[in-house]
Amino acid sequence: MPKRYWLFKSEPGCFSIDDLAAEQDRTAHWDGVRNYQARNMLRDEIKKGDELLFHHSGASPAGIIGTCTVVKAGYPDHTALDPQEQHFDPKASEANPIWYMVKVRLKRRFSELIPLSRLKATAGLENMMVCQRGSRLSIQPVTPAEWKIVLKLAGR
DNA sequence: GCCAACGTTGGC
DNA sequence: GCCAACGTTGGC
């Protein structure tokens, strides 16, 4: 199974790349996803060893700020079971967790965020999901070609 | 703060 | 199953 690429969105006010950098081993579980399409990818498709672009949404400007490696594939998101949690879901249970998460390790923080406007203006990224207007999905697949172009924009 | 896009809910 | 209403997301 070849490695696959993804894009994960997070609002920096909620969980930023610097929050991840501050975690022990720069590793954290990616909890709180409450959308079925995104859930299916977390549960079924995203595998250990896959890599992802860390996207800051709701930021000014919004854009890609780094990369992570998936260190653990989909497992139940326990925050759905805790009434104290913001993303608590009364329909979730131990027997039927409904929601899933993966564990990620920060690989690289870009020195500068790549703004969405720049992504949209870059040849080869026209079809990238995050570049489409109204793209709300918080977990998105990225093609190897798009991955390569984004890393090139990030420079060394 | 505005507004477009989209997902979910709920009445029928 | 349809669809309008509503709430949320997210860029600007």
Side-chain angles (χ1 to χ4, degrees), chain A residues 4-23 28-46 50-68 70 73-104 106-143 145-155:
Chain A
R4 295 180 66 186
Y5 300 100
W6 309 92
L7 178 145
F8 283 25
K9 291 186 197 170
S10 182
E11 295 187 32
C14 180
F15 185 75
S16 73
I17 198 163
D18 292 323
D19 293 330
L20 179 56
E23 296 276 347
H29 56 244
W30 198 280
D31 63 84
V33 175
R34 298 292 180 264
N35 168 283
Y36 283 102
Q37 207 180 336
R39 187 281 309 268
N40 292 346
M41 288 187 267
L42 288 170
R43 186 187 59 187
D44 306 330
E45 295 190 58
I46 301 175
D50 285 0
E51 293 194 87
L52 58 99
L53 301 168
F54 196 123
H55 180 91
H56 275 176
S57 63
S60 47
I64 296 169
I65 184 64
T67 67
C68 297
V70 176
Y75 59 106
D77 181 346
H78 58 77
T79 67
L81 303 177
D82 182 351
Q84 304 304 318
E85 289 284 344
Q86 186 191 349
H87 299 289
F88 171 66
D89 181 352
K91 297 193 293 298
S93 66
E94 294 275 355
N96 180 24
I98 306 180
W99 305 112
Y100 284 74
M101 58 190 182
V102 299
K103 191 172 281 190
V104 304
L106 179 61
K107 184 171 188 190
R108 186 177 161 205
R109 188 197 193 289
F110 299 158
S111 48
E112 287 180 45
L113 175 140
I114 306 171
L116 189 54
S117 58
R118 183 153 182 236
L119 298 173
K120 287 179 175 173
T122 300
L125 300 183
E126 300 85 2
N127 297 323
M128 201 173 175
M129 203 179 280
V130 78
C131 291
Q132 311 308 310
R133 79 198 316 290
S135 165
R136 299 205 314 176
L137 199 56
S138 65
I139 306 285
Q140 307 180 351
V142 171
T143 69
E146 289 163 349
W147 179 269
K148 217 170 149 181
I149 295 169
V150 171
L151 284 209
K152 201 169 173 187
L153 288 179

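These figures come from a predicted structure and were not determined experimentally. In what follows, chains are A, B, ... by sequence order, proteins preceding strands, each numbered from 1.
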Length of the line joining [X]:[atom1] and [N]:[atom2], which is rounded to integer Å:
| X | N | atom1 | atom2 | value |
| --- | --- | --- | --- | --- |
| A:R136 | C:dG10 | CZ | P | 7 Å |
| A:Q140 | C:dT9 | CD | C1' | 12 Å |
| A:R34 | B:dT8 | CZ | P | 13 Å |
| A:Q86 | C:dT8 | CD | P | 11 Å |
| A:Q37 | B:dT8 | CD | C1' | 14 Å |
| A:D89 | B:dG7 | CG | P | 18 Å |
| A:N35 | C:dG7 | CG | C1' | 14 Å |
| A:I139 | B:dC6 | CD1 | C1' | 17 Å |

_I need the A:L106 CG to A:I17 CD1 distance, nearest 0.5 Å._
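One finds 5.0 Å between CG of A:L106 and CD1 of A:I17.
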*Output the distance between atom CD (A:E112) and atom CD1 (A:I65), rounded to the nearest 0.5 Å.*
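These two atoms lie 9.0 Å from each other.
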_Close aromatic pair by centroid cut-off 6.0 Å: A:W6 and A:F54_ =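 Centroid separation for A:W6 and A:F54: 6.0 Å or greater.
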Choose from [options] the nucleotide whose nearest atom is closest to any side-chain atom of [X].
| X | options | result |
| --- | --- | --- |
| A:L116 | C:dG11, B:dG7, C:dG10 | C:dG11 |
| A:R133 | C:dT9, B:dA4, B:dT8 | B:dA4 |
| A:Y36 | C:dG11, B:dT8, B:dG7 | B:dT8 |

*Under 4.0 Å between a side-chain N/O of A:H55 and OP1 or OP2 of C:dT9, yes or no?*
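False: A:H55 side-chain N/O out of range (4.0 Å or more) of C:dT9 OP1/OP2.
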*Could you tell me whether the phosphate oxygens of C:dC12, OP1 or OP2, come under 4.0 Å of any side-chain nitrogen or oxygen in A:K120?*
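True: A:K120 side-chain N/O within range (under 4.0 Å) of C:dC12 OP1/OP2.
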*Ionic contact status for A:R34 with A:D77, cut-off 4.0 Å*: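 Looking at A:R34 together with A:D77, the answer is yes, because their closest N to O distance falls below 4.0 Å.
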*Measure the acute angle between the ring planes of A:F15 and A:W30, then classify it against the limits of 30° and 60° as parallel, tilted or perpendicular.*
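Correct class here is perpendicular.
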*DNA chain C: 5'-proximal contact among A:H87 and A:S117 (nearest heavy atom)*: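 Per heavy-atom nearest nucleotide, the more 5' residue is A:H87.
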